[in-house]
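Notes for the one structure printed next.
The chain is numbered in sequence order, starting from 1. The figures that follow rest on heavy atoms only: side chains count, while hydrogens, waters and symmetry mates do not.
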Amino acid sequence: QVQLVESGGGLVQAGNSLRLSCAASGRTFSSYAMGWFRQAPGEEREFVAAISWTGDTKYYGDSVKGRFTISRDNAKNTVYLQMNSLKPEDTAVYYCAGRIGTRATMTLGGYDYWGQGTQVTVSS
């Protein structure tokens, strides 16, 4: 079984940065794409970023494009989300997700495994 564990969330002031990490453990598959989603109170879960197995393909949601960067280190079974120029509207629980296979996807239903979520709060 595969477990995903996020870390790096916290409370920051607007304009500052955070880096989230997602570590996969257990019986990992030979290839898997990864993604990040977020959910604020009263809102649907929103796509943030995705990355293919090789890292050659990356997708970003419109609200974070140009500010957030997704990357991965397959030797460490870890994906990262670098969040710069944070805004109060970025406040949400951030979830790491894994998809069996090589292709990145922006669709929530396309993922097979989910982390527990980590809270990011941006104050003004």
Given the side-chain rings of Tyr111 and Phe37, with only the six-membered ring counted for Trp, is the space between their centroids under 6.0 Å? yes

Would you check if Asn77 and Tyr32 make a side-chain contact, meaning some heavy-atom pair closer than 4.5 Å? yes

Taking side chain as C-beta onward, heavy atoms only, is Tyr113 less than 4.5 Å from Ile100? yes

Does a donor on one side chain and an acceptor on the other come within less than 3.5 Å for Glu6 and Gln116? yes

Listing request: all salt bridge (charged side-chain N to carboxylate O under 4.0 Å, His left out) pairs with a residue in residues 98-117, at least two apart in sequence or in separate chains. none

Please confirm whether the backbone N or O of [Y] pairs with a side-chain atom of [X], one donor and one acceptor, at under 3.5 Å?
| X | Y | value |
| --- | --- | --- |
| Ser52 | Thr57 | yes |
| Thr91 | Val122 | yes |
| Thr54 | Asp56 | yes |

Which pairs count as ring pair (Phe, Tyr, Trp, His ring centres under 6.0 Å) when at least one residue sits in residues 68-105, sequence neighbours excluded? none

Can you list, by chain and residue number, the hydrophobic cluster partners of Val5 when the side-chain cut-off is 4.5 Å? none

Would you give the length of the straight line joining atom [atom1] of [X] to atom [atom2] of [Y], rounded to the nearest 0.5 angstrom?
| X | Y | atom1 | atom2 | value |
| --- | --- | --- | --- | --- |
| Glu89 | Glu43 | CD | CD | 11.5 Å |
| Met34 | Ile51 | CE | CD1 | 9.5 Å |
| Glu44 | Gln39 | CD | CD | 8.5 Å |

Decide yes or no on side-chain contact (heavy atoms from CB on, under 4.5 Å) for Thr118 and Val93, but give the supporting numbers first. CA-CA 5 Å; Thr118 185; Val93 177; over 6 Å; no

Restricting to non-hydrogen atoms, name the atom on Ser63 and the atom on Arg38 that form the minimum distance, rounded to 0.1 Å. OG-NH2, 3.2 Å

Can you see which heavy atom on Leu4 is nearest to which on Ala24, and at what distance? CD2-CB, 3.7 Å

Go through it in stages, so that I can follow the logic: the residues are Leu81 and Val79, the test is side-chain contact (heavy atoms from CB on, under 4.5 Å), and I'd like the CA-CA distance, side-chain angles, deciding distance and then a yes or no. CA-CA 7 Å; Leu81 185 68; Val79 298; over 6 Å; no

Donor-acceptor pairs are to be reported for all side-chain atoms of residues 9-19 against protein atoms at under 3.5 Å, with residues two or more places apart or in another chain.
from: Ser17; atom 1: OG; to: Asn84; atom 2: OD1; distance (Å): 2.9

Are more than 12 heavy atoms, taken from residues, nucleotides or ligands other than Tyr60, located less than 6.0 Å from that residue's OH atom? yes

What pairs with Ser7 under side-chain contact (heavy atoms from CB on, under 4.5 Å), at least two apart in sequence or on another chain? Ser21

Here the side chain to side chain donor-acceptor pair (under 3.5 Å) pairs for residues 67-76, sequence neighbours left out, are Arg67-Asp90, Arg72-Asn74, Asp73-Lys76

The test is side-chain contact (heavy atoms from CB on, under 4.5 Å); show your working for Trp114 and Cys96 and say whether it passes. CA-CA 6 Å; Trp114 292 86; Cys96 173; over 6 Å; no

Using the rule that Ile, Leu, Val, Met, Phe, Trp and Tyr join whenever any side-chain heavy atoms are under 4.5 Å apart, tell me whether Tyr59 and Ile70 fall into a single cluster. no

